[in-house]
Structures are given as C-alpha cells and as structure tokens.
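The structure under discussion appears below in the form of structure tokens.
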Amino acid sequence: YRFLLPQAFSHGAHLHHCYTHFTLLYSSSQSNNFCFYTQDYPKTAVPTNIFTERGSNIVVINPGSANIRIGLAQHDTPFNIPHCISRRTSQLQKRNAQDQMLNSQVTTAQHMERERAYDIVASLLRIPFLDEEVANNSYPRKMGRVDAYPPQNNMKEPVFTWTDVFEKSVPHSSTTEEDVPNEGDTSESPTLKESKIKVEPNSSERKYREYICGEEALRIPPTEPYCLRRPIRRGHLNVSQYYPTQQVLEDLHTIWEWILVEKLHIPHHERNMYSAILVIPETFDNREIKEMLSIVLRDLRFGSAVVHQEGLAAVFGNGLSTACIVNIGAQVTSVICVEDGVVLPTTQISLRFGGEDISRCLLWTQRHHQTWPPIRTDALSKPVDLLLLNRLKESYCQIKEGEVEAVAMVHSYEDGMQPGSHKTRLTALNVPPMGLFYPMLLVPDVYPPPPRSWFNDYDDMLEDTWHMDFPGGGAYPMWESYPVFQTKPKKEDIIGLAEAITKSILLTGRIELQRKLFCSMQLIGGAALIYGLIPAVEERVLHAIPSHEAIDTVEVLQSRTNPAFVSWKGGAILGILDISREAWIHREDWIKNGIHIGSGRKHKDSCYLQAQAMCYLNS
C-alpha cells in the first residue's frame, strides 16, 4: 500500500507540502511485519509492537455532545463515558438536572408537521397511517406493573441502583501516609481533590460529594441537591447567559481530569510525559477548538498535543483514503467528504438531530399509540429516563417494511418511589429511525445561541490569502460562501440525511470524484448501528440524486470496527504513525506564545483555519 502520512495538522485542503510519503510493504504473505521506508531510514516492526510502544504515552480524546471517547492509543477501544457532570447545589438553590433555558415545547405547527411526516413514513413502510392507528386502537392496551406480582420465571432484569452521593467515611480518625501528600507532590490536581474531601472524624453528618461525573451523574436521585450540566450541546460549547463560558470550561476540565485519574490512572505529576490527540467534530468553531487545546495543555498539563478533524480520523480508522463520512452522533449529524486523505471543507454539512432525537421520537410514538405505561417519563428533566429510552432504541428500533412490534420492559423512576418495571408491547418501532430522513418527525429541541460576544475572536488565525493555487492550475474561492465567523456560527441545514449526503458529494464539482464518493459512503457514530439503516441510506440517496447527473450506483462501505469508535481509532493511528511530529504543539510554546502568526510556521496549505486552529509559531 502507498499512503500519505500527515505531518502537519490533519484538517484543511491539499496539505501536500506537509505530508511525508511512505511505502508500506508486507515482507511476506506469512508474516505480519511491516517495512516502512521514509527517506533513507528503513524500519521493520510488527504492527502490534508499533501500537504498544508508540501508543503507550498518547491519550486520544474524542469529545462529543453526549459522550466522550478517551483512552490510550495502544488500546483497541476507548472508554465511552457520558459527557456530563453533576455539581452539588445548596438546598435553597436546588435544581434537578436540566439544561439552561432549553425550549422543549412543541408548537402546534410542529405537531402538525410531525403527524404529516409520520404518514409519509407510514406509506413508505407500508404500515397504517396515524389516524388509522388511532381508530383501530381506541381501546386502551393492557399494561401492568411487573414488580407488583410474583415472578413467573427466573429471568431477572438488571438491578437499578441510585448513585451514592455521599463521600465514603474514613474508618480511622488518624490520617495515613497515603492521605498526606509529600511536599511538592502534585499527583492529583486541586479539582480532583475537591471531590475526595473526607469526613471529619468527629462529624456526625455525612458529607456530600462536591461533583459526580459520567453515568453516575445521570443516576442521582432527583431529591438530592445536585444540578446536571452538559458542557457540550448540539456540537458546540453549551454557553449561554445562564451557563457562562468560564463555568463550561471548568466543567470540561473537571470531567477530563476525573477520567484521566480515575479511569486511565495517569496522575497529575506524570502528565507532562504524555501527549494528547484531540479528535474534534466538524461542528466546533475556531474559538472552541482553542479553548479545548488550552484545557489540554495548560490545565491538564500534557507535554504536547495535536488536533485532528473527526471526519479525517474516521477515514484512517477504517483504512480508507477517499470517502464521504456520515457521522450520526447523539445530537448532531454531520457529513463531509475526504479525498486522498484530505478534507474538502466546502462539503461539510451539519444537521441538528441525532440518536437522542430518535429516542425521544420513540417515546412520542408509543404515547400516541397508547402503548406507553402511565408513568411520567421526561427525557430532558430526568436524565435516567433518557438512559432508558436510549436502551430501548438500541435494542428494538430498526428500519424495515411492515409493522414492527416487540415486548419490552419499561422502567419507571418516580419521585419518592422505588424504581418500578412495566411490561408492555411497543409498536411502530421502525418509524423513529426514519426521522433521520424526515427531520420534521423528530422536532429537535431549541438550544439558545451563545451571547454575541462569544464569537468575537480577536486572534486572527485565518489564511493570508482568500484564494489558493492548487496543483494543476486554477484558484479555489474557498471563502466566498463561508459565513464570517465573527458575526454568526456555522450554518446548519434543515434537510434529511439522504439530501445532505447528496448535496455534500455534489459540491465537489467533479464527476469522477462524485462517482467515487457515492460508492464510498461510510456511516459512523452510535446511531449508525441501527439495523436496516445501511440499505435505507443507499436506497434514498440513489433517489435523491438529480436525474441529470450521470450517477447510477451508490454504496455504503461496511465499517471494519465499531462505528461509534472509528474516529477515535483513526486519531490513534494518525498519532502513532506521525513520526516527526512537526505540527504538534508543545505546552511551553502554547502557554508563552499562544496563537502567533508569522511566515515561519504559517501553513499556507491549510485552506480552513477551523482546520488549522493553531497556526502557532515556535519562536
């Protein structure tokens, strides 16, 4: 195989000056040894050894709106942890988990559009229309609380337990040597120590934990004085007038610090011996990328870091060079095309819906058909209910013709009551996933935009020229249709998934590349695991292509690894194979110089500063 190894930032277009050519040869069909030739330096190594040796001190961080995937590059799979934190509040200011100023009300017009979208989907899936369903099911379905009767078999549901919000008490009043750090010891950051305050020996009250991260934060009883915060929402930092920037960044730092110490067991004082790879979604803006990089280098104290774009990392994660990447996340779906290991920025399209919207649509569908138990299920104000809906979606939702029903166990978590279990028959389970193609069926929640001052970024990190000369002649007007960053955030299209894929590929403008991309579509993200989604995408994309286009074949490539972790794995591969590390940013340089524009390190090949957020000068 011959491939290009990016030695500079992996975003942008045509990093031909920043790439090192490698030739990858198998020494024999019986051997797994690789032979790398770069300039005059040959090196033979077993691939497993390469990952073990070079990946042992590289941490790959792939932050998302709902989950963060993080782990050492040498590992096969990362930790997949809910990207949230619950902080203790006073009893007077008690607020259960909720988003800041979230508009979750469905208007009358949206409700009518949702019903029309349901009927369109029903005709395609050959199931009864919504009015026909209501007429045929005017009688209430029988549902009962399972735990109210003796068990009929030995099948046991997993036992649900609420999170223990209190600190573990110290058995002895005397302090051990482990509890007292040596002078100058910085094995734990002050942020992490805050959550490990021990109970006073003579204290008769139990002490609340100051903060709780990950899935434990979603299982806190609603009666406890905690408020859930999600620092990232719909592909952007969740900044608003009620969730200030500093608080958002502090929550990000706390969550990542907790994962590094508790999950990866990397103490604070050893962090400078590690490097970090940030695999960033395409939805993030320029300033958001810089703030995350500051957290990694300044606060988490990594020795060096580099940023890769999620779409490009996904291509390398599946061993491809050219593909149309369709990332179906929890709250955002993005489409972007990659040619020969280079991202084409003008093809990037963001859709503000994802897997969580499918889960909420599942709840609406069941309530409309009167199959949902008479319990108060709220995916927004009760995070544990969202966990339930996500589990039901992953277990039962699929795309295929005909009526799809299943008997499922639905759990209830009512205030002041023990968790209950309800056995019911769910119906129309093939309708919610079709919301990816008909967004009006999902009715995404409205998140308030950040204050206008948030977008005033005075660090000019854009290219010096607005047009660039590419090999083969001609200038590419890359910025003509790009919205000015200082005035508004990125544009998000309100179209279905098939139309977004077709629009993204056709924006490339070259018929040969278009044909190649239509036959090299790749679905990644957690929602990509929905059964029947691949043939549905192929069928609808083929019908979405305009009749005057000379394209008659489409294909979705099967993912070689878990679609939810493809981008993370690609980031690990890019980091391990990046031998020279010319574009990596060192902690000292970032803290002293920050963004420093100069001809010495200004990458003229990066056409998208979002792509090269850190045009930094090592002066």
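Residues meeting the side-chain contact (heavy atoms from CB on, under 4.5 Å) test with E499, sequence neighbours left out: I495. Take L387 and apply the side-chain contact (heavy atoms from CB on, under 4.5 Å) test, not counting sequence neighbours, and it matches E215, L218, R219. Qualifying ring-ring contact (aromatic ring centres under 6.0 Å, His included) partners for Y531, counting only residues two or more places apart in sequence or in other chains: none. Remark: E401 engages R126 in a salt bridge (Lys or Arg N to Asp or Glu O under 4.0 Å) (not counting sequence neighbours).
At least one side-chain heavy atom of E403 sits less than 4.5 Å from a side-chain heavy atom of P128.
In this structure, the side chain of R88 does not engage the main chain of Y211 through any donor-acceptor pair within 3.5 Å. No donor-acceptor pair under 3.5 Å is formed between the side chain of T424 and the backbone N or O of W372. Side chain of Y208 to backbone of Y226: no donor-acceptor contact under 3.5 angstrom is found. Remark: the backbone N or O of K290 is paired with a side-chain donor or acceptor of S294 at under 3.5 angstrom.
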- Task: Before giving the answer on side-chain contact (heavy atoms from CB on, under 4.5 Å), spell out for M292 and I232 the whole-Å C-alpha distance, their side-chain angles and the decisive distance to 0.1 Å.
- Result: CA-CA 11 Å; M292 289 188 181; I232 299 178; 3.7 Å; yes
- With side-chain contact (heavy atoms from CB on, under 4.5 Å) as the test, would you mind laying out the steps for S350 and Q348 before giving the verdict? CA-CA 7 Å; S350 296; Q348 200 265 327; 2.8 Å; yes
Let me have the donor-acceptor pairs involving side chains of residues 430-438, under 3.5 Å, with sequence neighbours excluded, atom names and distances please.
| residue | atom | partner | partner atom | Å |
| --- | --- | --- | --- | --- |
| N430 | ND2 | K400 | O | 2.8 |
| N430 | ND2 | G402 | O | 2.8 |

Please tabulate, for the side chains in residues 64-73, all donor-acceptor contacts under 3.5 angstrom to protein atoms that are two or more places apart in sequence or on a different chain.
| residue | atom | partner | partner atom | Å |
| --- | --- | --- | --- | --- |
| S65 | OG | G235 | N | 2.9 |
| R69 | NE | N62 | OD1 | 3.0 |

